[in-house]
Undergrad: 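Have a look at the structure that comes next, please.
Nothing fancy with the numbering, it's 1 onward along the sequence. A quick note: this is a predicted structure, and the numbers were derived from the prediction, not measured.
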Amino acid sequence: MGLKSDRIVGHPSPRKEGRDKVTGQARYIDDISLPGMIYGATVRSQIPRGKIKKINFGPGLNWNDFVIVNAQDIPGKNYIALIANDQPCLADGIVNHPEEPILLLAHPDRHILPKAVAAVSIEYETLPAVLDIESSERKSPIIWGADNIFKSYLIEKGDVESIWEKADHIVEGEYFTGAQEQLYIETNGVIAQSDPEQGVTVWGSLQCPYYVHKALMALCSLPENKVRVVQTETGGAFGGKEEYPSILAAHATLLAMKSRRPVKMIYDRQEDMTATTKRHPSRTRHRTAISADGKILGGEIDLTIDGGAYATLSSVVLSRATIHAGGPYYWPNVRIRAKAVATNAPPHGAFRGFGAPQSIFAIERHMDRIAQVVGLSPAEIRRVNFLKPGETTTTEQIVNEQIDLGKLLDRALDLADYESKKLRFAKENKVGTQKKGVGIAAFLHGAGFTGSGEQYLGSVAGIEGRADGSVHVLVSSTEFGQGTNTVLCQIAAEALDLPYESVGIAQPDTMEVPNSGPTVASRTAMVVGKLVESAARKLQRTLKDSGLLGETYTPEEFRDACSEYVSTHGQFREFARYEQPSEILWDDQNYRGAAYAAFSWAVYVAEVTVDLRTYRATVDDFVALQEVGRVLNPVLATGQIAGGVAQGIGFALYEKVEWHDGRMQNSQMTNYIMPTSADIPPIRVYFHELGNTYGAFGAKGIGELPMDGPAPAIVNAIEDALGLPFNSVPLLPEGIFDALTANSSAERDALLTAGTP
């Protein structure tokens with residue numbers, strides 16, 4: 001007989017890579033050494049914008065001992081192939097941001113490289129620079145294309161012009177979010193090896209092997225079979241290793257090609273923080289028409305993100321920010337204008353949530369503002385405007401899921417003891433200098449690539465039956481701490497009716513695994529997982545149709561059947577390719593239709609204390625309730641939510657990038673402050689499971705969702721505590737101090753001295 005259904009999915013199977021990690025057997029990129037290997041380093045721009053006049057190599061070093069690479073050494077195209085292909089691999093005559101790569105150096109002694117980098121001096125003709133969104137919008141100077149705009153989107157639904165005269169209230173607000181550093185534990189690193197016959201091979205800490213593969217093909221002018229990319233054990237990524245490893249891989253490859261030796265390049269923490277991508281800073285403006293009973297009649301949303309000096313993934317980040325800008329609310333009429341602008345900062349890129357945390361912060365702060373104007377509670381203003389099944393999102397996607405956001409809100413408020421805390425804090429805040437508050441955020445997050453993105457990718461996943469009877473998952477999806485290896489093996493084991501221990505997963509290697517798309521956009525469990533499930537069922541059907549396996553079987557019978565099939569037919573692999581469901585219709589031209597196959601939904605409640613002696617806000621309790629389809633592994637899912645909330649607390653209260661002339665100034669973990677375990681409250685994680693037709697065993701995306709809600713919930717709670725509005729994050733103590741100082745002296749004194757003897 002077959003094993004019991006659902007014996008693996010929904011249960012906390014142990015991590016596939018867990019034992020190697022905890023015993024120290026896992027090999028990260030800096031644990032690997034190749035014979036004859038030398039080490040690489042990068043010489044970077046020290047100015048935000050200018051022309052390169054002369055490069056000087058200082059005294060005291062024998063430069064003949066170094067391998068030196070510049071733009072003229074590139075055998076193919078001098079760009080990092082991605083979307084716009086506008087970012088040079090190495091600057092050629094002009095630089096557009098601080099830390100832009102200009103030269104590459106390699107030497108057998110890695111310890112001499114910092115001295116060599118410092119000995120290279122570059123003379124520039126400086127040019128005017130654009131350093132923030134407002135300057136870029138003034139088009140002075142124009143540094144990129146028409147009007148400094150990388151990408152723009154327009155969403156229009158209904159008749160916005162007709163709503164203003166009907167409105168009982170018109171509520172306006174402007175909201176800002178800052179840059180945020182991914183701060184993964186392991187910094188970026190690669191090893192490259194070049195052979196005139198075999199081509200190039202790159203091993204690295206990365207998220208997307210086929211991104212790197214594409215970039216190296218263009219850079220080196222090589223066919224796909226002469227480029228191999230292998231992901232090594234990766235110590236965290238959060239989007240920061242989505243596109244940037246293509247640059248580092250390109251640099252190491254150029255040095256390897258010129259030296260004919262393997263080259264390792266590992267960034268130290270400072271270089272990793274100053275040179276690599278961060279979350280896009282943003283500004284969002286809302287103008288909303290509201291009826292007397294608090295219903296949204298419609299409105300205008302204007303969203304701008306800072307893309308930095310090159311386009312990289314700004315169009316993708318902007319897309320998600322645009323589609324999520326209306327939140328989980330029904331807008332009968334709306335116009336959303338969005339653009340990504342160029343500045344002379346290092347390019348901004350992907351970071352968990354990529355765009356949604358920015359626009360959801362704005363809409364959730366704006367909902368509290370609307371509540372105050374209308375005279376409703378923060379909970380009630382959300383309740384009366386929540387999307388309901390059958391209604392349409394801002395892109396006119398019909399909500400087909402049977403989600404009841406009102407019930408989700410009620411459960412979250414009950415779990416947080418929201419109402420009684422509101423009453424108690426209002427009384428307690430009349431005395432003392434510790435002011436407490438509670439805040440809500442409700443939100444949604446689309447799973448998978450937007451619109452036709454998944455159709456365009458055409459991702460493939462495979463299952464291999466091996467001679468020993470074991471089964472291996474074949475995908476380019478990567479593990480970097482989130483649980484990919486474990487969940488995909490659970491899905492395969494469940495589909496094949498095998499023990500979890502019988503299923504392994506192949507190392508992501510472009511010579512061995514198909515292109516199942518990038519490990520981004522909360523798509524792995526839902527999209528790739530569904531392909532793994534389909535491929536597994538095809539493999540199972542092949543064995544049954546061959547007569548080697550009955551309709552029901554034991555694991556031993558499957559093992560014997562698989563072994564016999566391989567001995568008779570050779571390599572045994574089955575694949576599944578993504579096919580867009582016919583009901584998922586998207587209009588790229590008008591940006592309208594079904595943006596995502598499924599949404600995850602959530603309501604978060606934060607409790608905070610603001611100390612008016614130090615002006616510091618701390619989070620005391622956090623309730624995170626979400627609907628994410630089927631929870632495939634409750635331990636991993638809970639960890640994903642708790643980790644995302646912790647990052648969201650950093651986004652809200654701690655992590656501020658200090659800029660000067662486009663360069664990050666606080667590029668060490670001693671001065672870029674992130675929350676520690678002592679700063680994180682109890683994070684109480686709860687799930688509501690509706691399932692999902694389009695995901696493996698009903699799964700939806702989960703990884704990015706928890707990044708979206710903490711910041712607005714926390715800032716809403718701070719306003720609840722102090723009665724003062726705050727419309728930007730990160731909100732540091734000095735921001736609270738400035739707001740109190742700007743408040744009238746009488747109100748400030750009353751707040752500070754309330755109840756003191």
Side-chain angles (χ1 to χ4, degrees), residues 3-26 184-185 233-238 352 411-412 415 445 447 473 475 477-495 498-505 519 522-526 528-530 532-533 600-602 604 621-649 677 680-692 695-707 709-710:
L3 297 174
K4 182 179 179 295
S5 178
D6 286 358
R7 71 205 186 283
I8 296 171
V9 163
H11 298 277
S13 300
R15 280 183 175 270
K16 282 295 181 182
E17 77 286 358
R19 180 177 294 275
D20 284 349
K21 285 183 174 178
V22 300
T23 60
Q25 295 180 72
Y184 26 70
I185 293 176
E233 200 74 69
T234 297
F238 309 115
R352 194 176 194 172
R411 185 182 173 202
L415 289 166
H445 197 99
V473 176
V475 292
S477 302
T478 53
E479 172 68 56
F480 40 87
Q482 80 280 37
T484 291
N485 291 350
T486 302
V487 168
L488 294 183
C489 288
Q490 285 183 274
I491 291 167
E494 189 77 49
L498 292 175
Y500 171 70
E501 295 74 21
S502 297
V503 179
I505 189 164
T519 314
S522 297
R523 63 185 298 275
T524 301
M526 189 178 92
V528 180
K530 190 70 171 178
V532 168
E533 180 187 352
S600 296
W601 312 82
Y604 285 2
D621 184 51
F622 201 98
V623 168
L625 171 64
Q626 43 270 308
E627 192 288 309
V628 293
R630 179 75 184 280
V631 176
L632 301 180
N633 186 309
V635 170
L636 293 179
T638 300
Q640 281 289 287
I641 300 302
V645 169
Q647 281 187 309
I649 291 171
S677 57
I680 301 300
I683 300 171
R684 298 190 278 144
V685 178
Y686 303 93
F687 295 103
H688 182 68
E689 298 180 69
L690 286 179
N692 171 29
F697 296 101
K700 294 180 183 178
I702 191 173
E704 293 173 299
L705 178 81
M707 188 73 230

Undergrad: How long is the gap from CD on Q490 to CD on E533, to the nearest 0.5 Å?
TA: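 One finds 13.0 Å between CD of Q490 and CD of E533.
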
Undergrad: Looking only at atom types and distance, does a side-chain atom of E479 sit under 3.5 Å from a main-chain N or O of N485, one as donor and one as acceptor?
TA: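 A pair under 3.5 Å: yes.
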
Undergrad: I'd like to know if the side chain of T524 reaches the main chain of T519, judged simply by a donor and an acceptor atom lying under 3.5 Å from each other, with no hydrogens or angles considered.
TA: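 No; zero donor-acceptor contacts below 3.5 Å.
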
Undergrad: Would the distance check show the side chain of S522 and the main-chain N or O of A447 forming a donor-acceptor pair, the cut-off being under 3.5 Å?
TA: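 Side chain of S522 to backbone of A447: no pair is present.
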
Undergrad: Are the side chain of K16 and the backbone of V503 linked by a donor-acceptor contact shorter than 3.5 Å?
TA: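 Indeed, once roles are kept as given, a pair shorter than 3.5 Å links the two residues.
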
Undergrad: Given 3.5 Å as the limit, does a donor-acceptor pair link the side chain of R630 with the main chain of V9, or not?
TA: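 A pair under 3.5 Å: yes.
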
Undergrad: Are the side chains of P681 and I649 in touch, meaning some heavy atoms are under 4.5 Å apart?
TA: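 Touching, per the 4.5 Å side-chain cut-off.
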
Undergrad: Answer yes or no: is there a donor N or O on one side and an acceptor on the other, between the side chain of R19 and the main chain of Q25, under 3.5 Å?
TA: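 Not at all, since once roles are kept as given, no pair shorter than 3.5 Å links the two residues.
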
Undergrad: Just by modelled atom types, is the L415 backbone N or O under 3.5 Å from a matching donor or acceptor in the R684 side chain?
TA: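 At least one qualifying donor-acceptor pair exists.
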
Undergrad: Would you find a donor on one side and an acceptor on the other, under 3.5 Å apart, between the side chain of E627 and the backbone of W601?
TA: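 Not at all, since once roles are kept as given, no pair shorter than 3.5 Å links the two residues.
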
Undergrad: Determine whether a donor-acceptor pair (N or O, by modelled atom type, separation under 3.5 Å) exists between the side chain of Y184 and the backbone of T234.
TA: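 No, Y184 side chain to T234 backbone: no donor-acceptor pair under 3.5 Å.
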
Undergrad: Is it the case that the side chain of Q626 and the backbone of A624 share a donor-acceptor pair, with hydrogens and angles ignored and the cut-off at 3.5 Å?
TA: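 Between the backbone of A624 and the side chain of Q626 there is a qualifying donor-acceptor contact (under 3.5 Å).
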
